[in-house]
Each structure stands twice: as C-alpha cells, then as structure tokens.
Q: 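Quick one: the structure is below, questions incoming.
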2 protein chains.
Amino acid sequence: MADIRLNTEQRHKAIVQAATPLFARKGFAGTTTKDIAAAAGVSEALLYKHFPSKQAIYKEILQSCCKTGDPILARVHELEASTSTLVHVIYILMHRLVLGGGATHPDWETRHRLMLNSLLEDGEFAMLVFDRVMELTYPTFQASMKAAEEAGDFVDGPGAPINRFWFVHHLGAILAYVRLPKKPLPHEGAIQEVVAQACWFVLRGIGLRDEAIKAHFNPKALALLQL
Amino acid sequence: MADIRLNTEQRHKAIVQAATPLFARKGFAGTTTKDIAAAAGVSEALLYKHFPSKQAIYKEILQSCCKTGDPILARVHELEASTSTLVHVIYILMHRLVLGGGATHPDWETRHRLMLNSLLEDGEFAMLVFDRVMELTYPTFQASMKAAEEAGDFVDGPGAPINRFWFVHHLGAILAYVRLPKKPLPHEGAIQEVVAQACWFVLRGIGLRDEAIKAHFNPKALALLQL
DNA sequence: GTCTATAGTAGGATAGAC
DNA sequence: GTCTATCCTACTATAGAC
C-alpha cells in the first residue's frame, strides 16, 4: 500500500500530515482510522505501530499544529511602534485570518476547523493558539497603540488594551469561520471589501481617530501587495 | 423504559428535546442512537418508529431550533429608532449572546454549539439562524443608526450598514463561542466587564461618537436589570 | 405505543507473516 | 517497515411480541 518505505520519523510525520485535514473536516468522532490509513497510503495496522490509538494521533496533531505560526505574522515584531504599524498589523492579521496565507501558508482553513472543534471540546488547542497569536503580534500591537496615543491619533477607552486586541482578533477569526461552509453569507460585497470594512470597524473600535484611519489605511494599495 | 405512555406527537417532541443537547455537545458523528434513546428514556427501537434515521432526528432539530427566537430579542422591534435605542439594542444583543438568557431562555449554549457544528458542516443551520437574528433586530438597528446620524451622534463610515450590524453580532457570538469550554480565557476581567467593553468597542466601530456613547451607555445600570 | 432481541455492518485495535 | 487477516465491540436499524 505504501508507495515507498520511509523511516519511522518520516512515516510518523506523513501520518500526522494526512490525518490533519481529516480531523479538521470531520472532527474526532467523524474520522475513522480507515480514513486516516487510506489518506496516508498505509494500512491501518501501521498506524498502530506509530501511535497507540486514534486519540494519540489527534492529540499529536493539536500539539504540533498550534506551534506552527504564520510566517508573516511571525515577522510583525520587526515593525516599529507607530500609528501606521498599528493599522498595518491589524490589516495583516485580519487579512490572513479571513483570506488565508495563499502560497506561503495555505493551511489556515484546517487551523480554523481545528479551532472550532476545539471550542466544542475542551478548548485546549484554542488556548494554545491564542497564546501563540498573542506572543507573535500583541507586543507590537500594544506598543503601537501607545505610540498612536502619543501621536494624538488615538483616544483611549474603557477596558484593558489586551481585550481590545482580542476583539480585533475575534472578529477576524469569526469572519473566517462563517466562510468555512462555501455558502452565501450575510455580508454584503466581495470578501476583500468586507475585510477592509472590518478593519475600519476595529480600528475605530480600539480608539483610532477617523482622520488617522483615513491617513494610514489604504486597503486598495494593501490589497495589491497580495500579502 | 418510558416512564409513561405519550401520544405520537408528545413522544416525537420529547425525543427531539432529549437529543438536542446531545447533538450540540458531541456533534452528529459523536452522538449515538443509544445515547439519544437513554436521554429520552425510551428504547432505540422507538426512535425508529418516530424517525427513519438518526440523520432525520438531527435535521429536525436544526429545523425547529433555528425558528425559536429569544423572547427578548423578539421585542426589540417595539423600540423607537434613536441613538439610545441603538446603544440598548447592541447591549441586549451582546449581553444575551454572551451571558445567555438566564431563566427566560436558558438554551443559548446549545444553540451556540449547534452553530459551531453547522459551520463545520454545511452551514445551513447557521444561515437560518442569521436570517432569524437579522429579521428580529436589524430593522431597529438600521433605523436607529439613521436616527443617530440625524441627531449628530453618528459618523458614517465605509461599507454597508448591514455589514456593521454583522460585525456587532459576530463579536458577541464569538465571545460566547470561546467561553463554551469552561476554561480560563485570554480576556482580562470579569465577563460582564468584557461584554461592556465589547459593546463600547462595537459602538465606536459602527461610528457612534464617544460623547454619544458616554451619554447613552450605562453598563452598570443595565447590568442591574439582569436582562 | 413500547419493548426485547437481533441482524448486519463499521469501527478501533491486534497477531503474526514477510 | 509494512501488510493481510482477524478479533471484538459498538453502532444503526429492523423484526416481531406485548
């Protein structure tokens, strides 16, 4: 069945890779070991040489998948704190959440599905992903909010800055989630438009002044970058 | 097994009611007919006298559950369009999404879970729920945005009003979703606080001026109403 | 209207050969 | 390292009695 012989580590990885989209699409209960074996191109027996149980495969997927961060998001920390950076970080975050990573990181859909499954289960994976997202982007986000305030572009509001950060992330996330079924959705206009509107919405929401948004937010130019 | 004999209609309803939280919690694949029968207090055989298949039970649950609207939301249309109404509608919507309906409508958690499952499946149920929410609350929301604009409390922004409505709803929804696992979450502060901050965030987001929010949004007073 | 009993299948996991 | 064959349990669904 297996096309070629792989060493233990390679086969182990291959099984995880093959199983990931299955668990993402059909959930833990809906995925059978038969499915996994077929997707991995091996016999069911071989699965059990590498993993003690189906549960163990799932656990390992959640472990490994929450660690891999989007390569673009990983570089956000390089940006200097400013109003402009605040606008761009938010655009990047929203854009990648909703539109995915294109060629550089095509697997956002899988991650979104694993997130939803996790929220229906124990939420463990979701927590780890939240930690990761925060680690990658919040320092720059927070510093840029502060910079924007000092520049007079920002009006503070009630509540912790971290909560505002999560509101931004949450909106991007749920826009992605409601698009998972490939059905017509309540939103009006093309998805790029909706994302741009959502960015404007959250920029206002965190407290950026309309003039600052107008000055720094150029969604059409950003869209050309196809990031 | 069955405590008492019910007529066809009653038993039918009882099965649906018993099965609903099971499908919500464990998804379609994770719920067994044995579970359903036990929860309904009947034999598995009896399920099949009322429904041709497990799938049929699930379908009927999704059909019936998307029709029942929250009784408070159903009365939103009675409110007159104004800035104040805009603020209150948003608070009511967010509050009920996140904190649930208390005694009047305790089953928000089940609905949230069915929503997440639907987004992982074909999204049909999600669409129907979206329609229902929009039907109940959007007319008042839209009219109040217009009234707020005429009162000078509101600065219009880019994009269709309906999208801003959905951004509001989405944020409330996802705050509820991330709370489904009873785990500590990224947000800072008590959940009532977070909801109040989220309301402020979306009020800004749709374009309400800070002065108008300050004038009309009194979360502590609203919280006392325990609505 | 409801049950017990059971058919038939699919699921997770293992034994043992190569 | 990989497979075929198999075990046993759990699952969906039905038959037939009360």
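Below, chains carry the letters A, B, ... as their sequence lines are ordered, and counting in each starts from 1. Below, all heavy atoms of this structure are taken into account, side chains as well, without hydrogens, waters or symmetry copies.
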Q: Among A:Thr31, A:Asn117, A:Thr32, A:Asp35, find the one that has a side chain to side chain donor-acceptor pair (under 3.5 Å) with A:Lys26.
A: A:Asp35
Q: So for the helix from C:dG1-D:dC18 to C:dC18-D:dG1, with five pairs setting each end axis, what is the inter-axis angle to 10°?
A: 0°
Q: Heavy atoms under 4.0 Å is the rule here; annotate nucleotides 8-18 of chain D 5' to 3' with B where the base is hit, S where only the sugar-phosphate is, and - elsewhere.
A: ---SBBBBB--
Q: Could you tell me if the side chain of A:Trp108 sits less than 4.5 Å from the side chain of A:Asp70, heavy atoms only?
A: yes
Q: If you compare every side-chain N and O of B:Arg11 against the phosphate oxygens of C:dG1 (OP1, OP2), does one of them come in below 4.0 Å?
A: no
Q: To the nearest Å, how far apart are A:Leu22 CG and C:dG12 P?
A: 12 Å
Q: Please list all pairs passing the salt bridge (Lys or Arg N to Asp or Glu O under 4.0 Å) test where one or both residues lie in residues 168-182 of chain A, with sequence neighbours left out.
A: A:Glu109-A:Lys182
Q: Looking only at atom types and distance, does a side-chain atom of B:Thr20 sit under 3.5 Å from a main-chain N or O of B:Val16, one as donor and one as acceptor?
A: yes
Q: Do B:Phe167 and A:Val194 have side chains that get closer than 4.5 Å, going by heavy atoms?
A: yes
Q: Taking A:Leu116's backbone N and O only, do any of them form a donor-acceptor pair with A:Tyr177's side chain (distance below 3.5 Å, no angle check)?
A: no
Q: Write down the distance between NE2 (A:His50) and C1' (C:dT14), rounded to a whole number of angstrom.
A: 15 Å
Q: What is the distance, to the nearest angstrom, from the CG atom on A:Leu47 to the P atom on D:dT4?
A: 13 Å
Q: Using the side-chain hydrogen bond (donor to acceptor under 3.5 Å, both in side chains) rule, take A:Gln197 and A:His187 through it: C-alpha gap first, then chi angles, then the decisive distance, then the call.
A: CA-CA 11 Å; A:Gln197 291 166 29; A:His187 313 112; over 6 Å; no
Q: Answer yes when A:Glu44 and A:Lys34 have at least one side-chain N-carboxylate O distance shorter than 4.0 Å, and no when they do not.
A: no
